Amino acid sequence: MPYQEIKLYQTGTHAVGNRLLDPEQRSVQADAGRSNAITCGHRACQGCGEALGARFALDAVMRATGGQMIAANATGCLEVFSTPFPESSWQIPWIHSLFGNAPAVSTGIAAALKAKGREDIRVVGQGGDGGTLDIGFGCLSGMFERNDDVLFICYDNEAYMNTGVQRSGATPPGARTANTKPVGETAGNDFGQGKNAPLIAMAHEIPYVATATVSELRDLESKVKRAMEFRGARYLHVFVPCPLGWGAASADTIKLARLAKETGIFPVFEAEDGAVVGVSKIREQRPVTEYLRLQKRYAHLFKDPPRTDVVEAIQERADRNIARFGLLEGTAPAGDLLAATPHGPQ
Ligand SMILES: Cc1ncc(C[n+]2csc(CCOP(=O)(O)OP(=O)(O)O)c2C)c(N)n1
Ligand code: SF4
Ligand SMILES: [Mg+2]
């Protein structure tokens, strides 16, 4: 009898998983026996990208290690919403460090495990962009430089959300935060272009560096899996929209993460030993205004008079990323990504 082949559309990169696939092709989250590193009952806001990213990342670590892992967590939203004393949503050995020392605490755990001959137990450090790029940056650089056997994951929501949306070194130009308000001529954050943590990690020539977003969760899982295949220092930078801090609808978290990639604002790539080995191509390039207009932190750019100069500068930065990382089909990353490139206007 003739039959129509079923098309498994849901196995695409925007999908979580599909239990009809061969077991080795299924995503971690499609596994009925998945580990659930972080369970329900935590207090993240509705639509929190950080909660989603952490759940997928740590479940993937659990699968890669057979549950033989320990996590150290910097102070920040992820720590606060998951562990209001005396409760915890974590189903793994998990320790809260300080705001600034999660990489150092992770290093210490890895050293202790090595001394005990238990290198089968793997260590993950994690924190927000503030804990990673600002106050924890020295510890992180030391962890990279010593090539300590830790995977460090930064959940980047582009500000200090836990303490009321203050600017961090990852806050993008033009964004409003509690301490970068649009006043007079100042159009939100005008301190500079921020730190590019993945490129700085690459400059340490550690075994593995990757970026990911919560809109492509299978890509995130596969990058965690790849990271766990290496020993030594590894860095994963996950773009996680924050509805509260960005003034965005909870339902737009995935859409915003996707637009960040499709505009070129957030390049998704992976690098080994300091060299790019793969980029996620943009399927359909979108103008940055599509991304900006969904967020109240950029609303001042579209008021009367509109700040077209700032919007144009943001578009130029996105275009520069597209050229630099070779994000369009048929293009390749620039030869030396770490070579100095001229900054566009701020
Ligand atoms: C030494 C020190 N300074 C300040 C704080 C207050 N503090 C706790 S979390 C935080 C911001 C966290 O921002 P981020 O790392 O980006 O994580 P998010 O909450 O955005 O996920 C701040 C300023 C602290 N705990 N310790
Ligand atoms: S403030 Fe942002 S990062 Fe924090 S729990 Fe809410 S949505 Fe998540
Ligand atoms: Mg943050």
Side-chain angles (χ1 to χ4, degrees), residues 38-58 71-85 87-90 94-106 124-140 143 152-172 175-180 188-189 191 194-198 211-215 235-257 260 266 294-297:
I38 183 167
T39 53
C40 57
H42 63 69
R43 300 172 189 186
C45 308
Q46 190 179 35
C48 173
E50 189 160 293
L52 183 65
R55 156 107 188 237
F56 272 73
L58 290 199
N73 210 128
T75 313
C77 266
L78 180 59
E79 165 263 325
V80 169
F81 72 62
S82 65
T83 55
F85 183 81
E87 297 154 13
S88 173
S89 292
W90 295 101
W94 180 95
I95 182 171
H96 171 210
S97 66
L98 299 175
F99 181 30
N101 68 352
V105 170
S106 308
V124 176
Q126 52 182 1
D129 47 292
T132 307
L133 276 70
D134 292 346
I135 192 169
F137 205 58
C139 296
L140 186 69
M143 192 201 104
F152 198 90
I153 306 176
C154 172
Y155 302 102
D156 182 7
N157 53 23
E158 301 189 326
Y160 296 1
M161 297 312 179
N162 175 50
T163 42
V165 197
Q166 294 87 18
R167 173 197 178 272
S168 80
T171 301
R176 177 198 181 105
T177 67
N179 52 1
T180 57
N189 182 34
F191 282 97
K195 287 182 205 175
N196 194 325
T211 65
T213 81
V214 288
S215 72
Y235 181 69
L236 182 58
H237 192 104
V238 190
F239 187 84
V240 291
C242 165
L244 183 142
W246 296 9
S250 300
D252 282 344
T253 293
I254 303 299
K255 187 176 186 181
L256 283 168
F266 186 83
L294 293 173
Q295 306 170 58
K296 290 204 182 84
R297 66 176 172 155

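Read the numbers this way: they start at 1 and go in the same order the structure lists the ligands and their atoms. The model shown is predicted, which means the values in this text are computed figures rather than measured ones.
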* Where the closest heavy atom to atom 3 (S) of ligand 2 is concerned, which of Leu78, Asn157, Leu52, Thr163 has it? -> Asn157
* To do: Fit a plane to each ring of Phe99 and Tyr160, take the angle between them on a 0 to 90° scale, and name the class: parallel (under 30°), tilted (30 to 60°) or perpendicular (over 60°).
  => perpendicular
* Backbone of Leu78 reached by a side-chain donor or acceptor of Glu50 within 3.5 Å -> yes
* **Best match, Cys242, Gly100, Gly131, Cys154: closest heavy atom to atom 15 (O) of ligand 1** => Gly131
* To do: Show which atoms of ligand 1 fall inside a sub-4.0 Å distance from at least one heavy-atom site of Ile135.
  => 1 (C)
* Hey, is Val80 touching ligand 1 through its side chain, its backbone, both or neither, going by heavy atoms under 4.0 Å? -> neither
* Measure from the side-chain N and O atoms of Thr39 to the backbone N and O of Ser89, and report whether any donor-acceptor pair falls under 3.5 Å. => yes
* Can you check whether Gly169's main-chain N or O pairs, donor with acceptor, with Asp134's side chain at less than 3.5 Å? -> yes
* With a 3.5 Å cut-off and no angle check, do the side chains of Ser82 and Trp90 form a donor-acceptor pair? -> yes
* **Thr163 and ligand 1 - part of the residue with a heavy-atom distance under 4.0 Å** => side chain
* Output the list of atoms in ligand 1 that are nearer than 4.0 Å to some heavy atom of Gly130, sorted by atom number. => 14 (P), 15 (O), 16 (O)
* To do: Check the surroundings of atom NZ in Lys255: do more than 12 heavy atoms from other residues, nucleotides or ligands lie under 6.0 Å from it?
  => no
* Main-chain N/O of Pro172 paired to Asn189 side chain as donor or acceptor, under 3.5 Å -> yes
* Asked: Of all the non-hydrogen atoms in the protein, which one sits nearest to atom 17 (O) of ligand 1, and at what distance?
  -> Gly128 CA, 3.6 Å
* Structure fact -> protein heavy-atom neighbour closest to atom 25 (N) of ligand 1 works out as Phe99 CB, 3.8 Å
* What's the shortest heavy-atom distance between Gln126 and Leu58, and which atoms? -> NE2-CD1, 3.4 Å
* Report yes or no: does a heavy atom of Thr132 sit under 4.0 Å from some atom of ligand 1? => no
* Asked: Do Ser250 side-chain atoms and Gln46 backbone N/O form a donor-acceptor pair below 3.5 Å?
  -> yes
* Structure fact -> So for Glu50 against ligand 1, with non-hydrogen atoms under 4.0 Å, the contacting part is side chain
* Can you find an N/O atom of Met161 closer than 3.5 Å to an N/O atom of ligand 1? -> yes
* Asked: For ligand 1, which atoms have a heavy atom of Thr75 less than 4.0 angstrom away?
  -> 8 (C), 9 (S), 25 (N)
* Quick one: closest heavy-atom pair of Phe81 and Cys48, and the distance? => CE2-SG, 4.1 Å
* Would you mind telling me if ligand 1 is within reach of the side chain of Tyr160, the backbone, both or neither, using heavy atoms under 4.0 Å? => both
* Are Ala159 and ligand 1 in contact, using a heavy-atom cut-off of under 4.0 Å? -> yes
* Using atom types as modelled and distance alone, determine if a side-chain donor or acceptor of Thr253 lies under 3.5 Å from a backbone N or O of Gly49. => no
* **Under 4.0 Å to a heavy atom of Asn162 - the qualifying atoms of ligand 1, by number** => 8 (C), 9 (S), 19 (O)
* To do: Identify the heavy atoms of Ala102 and Ala72 that sit nearest to each other, and give their distance.
  => O-CB, 4.3 Å
* Can you name the closest pair of heavy atoms from Thr132 and Leu140 and give their distance? -> CG2-CD2, 3.7 Å
* Proximal atoms of ligand 1 relative to Asn157 (non-hydrogen, under 4.0 Å) -> 18 (P), 20 (O), 21 (O)
* To do: May I ask you to identify the nearest protein heavy atom to atom 8 (Fe) of ligand 2, giving residue, atom name and distance to one decimal place in Å?
  => Cys48 SG, 2.3 Å
* Using a strict cut-off of 4.0 Å, indicate which atoms of ligand 2 neighbour a heavy atom of Phe81. => 5 (S)
* Measure across Ala57 and Tyr155 and return the closest heavy-atom pair with its distance rounded to 0.1 Å. => CB-OH, 3.8 Å
* How wide is the angle at the Mg ion (ligand 3) between O of Ala159 and OD1 of Asn157, to the nearest 10°? -> 90°
* What residue and heavy atom of the protein are closest to atom 5 (S) of ligand 2, and at what distance? -> Cys45 N, 3.6 Å
* Asked: Considering only heavy atoms of Cys77, which atoms of ligand 1 have at least one such atom less than 4.0 Å away?
  -> 18 (P), 19 (O), 21 (O)
* Asked: Does some non-hydrogen atom of Gly245 fall short of 4.0 Å from ligand 2?
  -> no
* Asked: By atom name, which N, O or S atom of Asp129 is the nearest to the Mg ion (ligand 3)?
  -> OD1
* For ligand 2, which atoms have a heavy atom of Cys242 less than 4.0 angstrom away? -> 1 (S), 2 (Fe), 3 (S), 7 (S)
* What atoms in ligand 2 come closer than 4.0 Å to a heavy atom of Pro243? -> 7 (S)
* Heavy atoms only: give me the nearest Ala175-Thr180 pair and the separation to one decimal. => O-OG1, 3.1 Å
* Asked: At what distance is the nearest protein heavy atom to atom 4 (Fe) of ligand 2, and which residue and atom is it?
  -> Cys77 SG, 2.4 Å
